Amino acid sequence: MIKNLIFDFGKVLVDYDYFIILDKVFATHEIAEDFYFHLMEDQWNERLDREDTPFESIVEDMQQAMPQYKEQIRLIGELYPELVIGEMEGMRDLLVRLKSEGYRLYGLSNWCSKVHITMKQYPIFQLLDGRVISSEEHLVKPSREIYERICTKYGLKAEECVFADDKIENIEAARRFGMHGIWFKDAVQYETELRQILSE
């Protein structure tokens, strides 16, 4: 029986857009896109999510690796929480209803330590009964260990959990671990698939 609903944060509970920040600090969108490519392809984003060393230290490493963008990287570090642009439409109301039906709600997110600023800004996070965040555990999805961590921390059984994430590789990893998984697109699609799982 499903008892626990687990949610990724970005693009599931809240929306974000890196270019909200990048287009502010770089002279052109083309330069911003080039930087974004390096942020992802050179795995700086994963380092920020894992945060084996403090956020500020990783920013310094980025500045050394890309000295031509030293000042822009400093500004990105300062503005980082501004990449979140609001709660995902319909999700707060849905979580309120699911909680009233007796389900326990949890968060499982790859996010740097700046996530705590975001969590204070948006009421949807107050609905969660617990959370596991990559930068606190120094583990990132889709590693098996982070799914094990949330179950151990809160005494959950994988088969009693439904995990929602906007990245299919994270859903596939959750399913291999034994959880049910929903590849998230929007609140309506999520509830439709969830109700199907609950009825089985």
Side-chain angles (χ1 to χ4, degrees), residues 1-16 18 40-41 43 45-52 83-84 87-116 118-119 122 124-200:
M1 186 173 78
I2 302 300
K3 298 179 180 179
N4 313 296
L5 307 178
I6 306 175
F7 301 89
D8 180 29
F9 286 0
K11 299 292 183 181
V12 178
L13 298 187
V14 291
D15 199 5
Y16 67 88
Y18 276 98
M40 298 301 170
E41 292 300 312
Q43 298 187 331
N45 189 59
E46 182 175 324
R47 280 194 62 188
L48 289 167
D49 285 342
R50 188 185 300 273
E51 216 166 308
D52 285 331
L83 62 83
V84 178
E87 294 181 357
M88 292 291 287
E89 184 177 358
M91 284 303 287
R92 196 198 315 174
D93 289 344
L94 178 55
L95 262 62
V96 168
R97 285 193 283 114
L98 292 170
K99 199 174 182 73
S100 72
E101 293 173 27
Y103 296 102
R104 302 282 287 177
L105 310 179
Y106 298 93
L108 178 60
S109 182
N110 284 355
W111 207 306
C112 70
S113 53
K114 299 288 186 179
V115 71
H116 296 287
T118 297
M119 292 179 70
Y122 296 99
I124 194 168
F125 292 104
Q126 297 173 14
L127 297 169
L128 299 178
D129 296 296
R131 66 172 190 263
V132 164
I133 298 170
S134 60
S135 56
E136 296 176 345
E137 307 294 336
H138 310 303
L139 299 168
V140 294
K141 294 176 292 182
S143 67
R144 180 182 178 88
E145 290 79 8
I146 199 166
Y147 302 95
E148 291 176 340
R149 178 62 180 137
I150 194 167
C151 287
T152 300
K153 185 174 183 178
Y154 297 107
L156 312 181
K157 296 179 180 179
E159 65 273 17
E160 295 177 347
C161 299
V162 179
F163 176 57
D165 197 294
D166 66 309
K167 293 182 172 62
I168 187 61
E169 61 267 28
N170 296 337
I171 292 299
E172 290 171 344
R175 288 171 176 162
R176 287 193 297 271
F177 181 65
M179 294 179 177
H180 301 267
I182 296 176
W183 187 13
F184 185 93
K185 305 295 191 307
D186 57 50
V188 173
Q189 167 263 346
Y190 169 78
E191 183 173 16
T192 299
E193 294 194 28
L194 176 65
R195 298 298 180 190
Q196 180 61 40
I197 291 171
L198 296 175
S199 69
E200 292 174 355

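Since the structure is predicted, the reported quantities are computational estimates derived from the model, not experimental observations. We count residues from 1, following the sequence as given.
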Identify every side-chain donor-acceptor pair in residues 149-157 under 3.5 Å, counting partners at least two apart or on other chains, and give the distances.
unit_1	atom_1	unit_2	atom_2	d
R149	NE	E137	OE1	2.8
T152	OG1	E148	O	2.9
K153	NZ	R131	O	3.2
Y154	OH	R131	N	2.9
Y154	OH	R131	O	3.1

ask   = Backbone N or O of E51 within a donor-acceptor pair of the S135 side chain at under 3.5 Å?
value = no

query = Quick check: does any side chain N or O of E87 sit under 3.5 Å from a backbone N or O of I124, one acting as donor and the other as acceptor?
reply = yes

Any chance you could measure [X], atom [atom1], to [Y], atom [atom2], to the nearest 0.5 Å?
| X | Y | atom1 | atom2 | answer |
| --- | --- | --- | --- | --- |
| R104 | I2 | CZ | CD1 | 15.5 Å |
| N45 | C112 | CG | SG | 8.5 Å |
| E160 | H180 | CD | NE2 | 9.0 Å |

request  = Starting from the C-alpha separation in whole Å, work towards a yes-or-no answer on side chain to side chain contact (heavy atoms under 4.5 Å, CB included) for Y190 and M88.
outcome  = CA-CA 12 Å; Y190 169 78; M88 292 291 287; over 6 Å; no

key: Under the salt bridge (Lys or Arg N to Asp or Glu O under 4.0 Å) test, residues paired with E41 that sit two or more places apart   = none

Can you sort out the partners of [X] under side-chain hydrogen bond (donor to acceptor under 3.5 Å, both in side chains), two or more places apart, ordered by chain and number?
| X | result |
| --- | --- |
| D8 | K141 |
| D129 | K99 |
| E89 | none |
| E46 | R50 |

ask   = side chain to side chain contact (heavy atoms under 4.5 Å, CB included) between I182 and I197: does it pass, once the steps are laid out?
value = CA-CA 9 Å; I182 296 176; I197 291 171; 3.8 Å; yes

Are [X] and [Y] side-chain neighbours, meaning at least one heavy-atom pair lies under 4.5 Å?
| X | Y | result |
| --- | --- | --- |
| L95 | F7 | yes |
| Y147 | L139 | no |
| L13 | Y122 | no |
| I146 | N110 | yes |
| M119 | W111 | no |

task = Decide side chain to side chain contact (heavy atoms under 4.5 Å, CB included) for Y16 and T118; before the verdict, give the C-alpha distance in whole Å, the side-chain angles of both, and the deciding distance to 0.1 Å.
result = CA-CA 11 Å; Y16 67 88; T118 297; over 6 Å; no

message = side chain to side chain contact (heavy atoms under 4.5 Å, CB included) for Y106 and V132? Distances and angles first, verdict last.
response = CA-CA 8 Å; Y106 298 93; V132 164; over 6 Å; no

query = Can the ring centroids of F163 and F177 be said to lie less than 6.0 angstrom from one another?
reply = no

key: Contact summary for P142 and A173, nearest pair of heavy atoms   = O-CB, 3.4 Å

inquiry  = With salt bridge (charged side-chain N to carboxylate O under 4.0 Å, His left out) as the rule and sequence neighbours excluded, what pairs involving residues 189-200 come up?
reply    = R97-E191, E101-R195, E191-R195

key: salt bridge (charged side-chain N to carboxylate O under 4.0 Å, His left out) partners of residues 175-190, not counting sequence neighbours, each pair once   = none

task = Could you list the residues that satisfy ring-ring contact (aromatic ring centres under 6.0 Å, His included) with F125, not counting sequence neighbours?
result = F9

note = Contacts of I168 meeting side-chain contact (heavy atoms from CB on, under 4.5 Å) (sequence neighbours excluded), chain-then-number -> I171, E172, W183

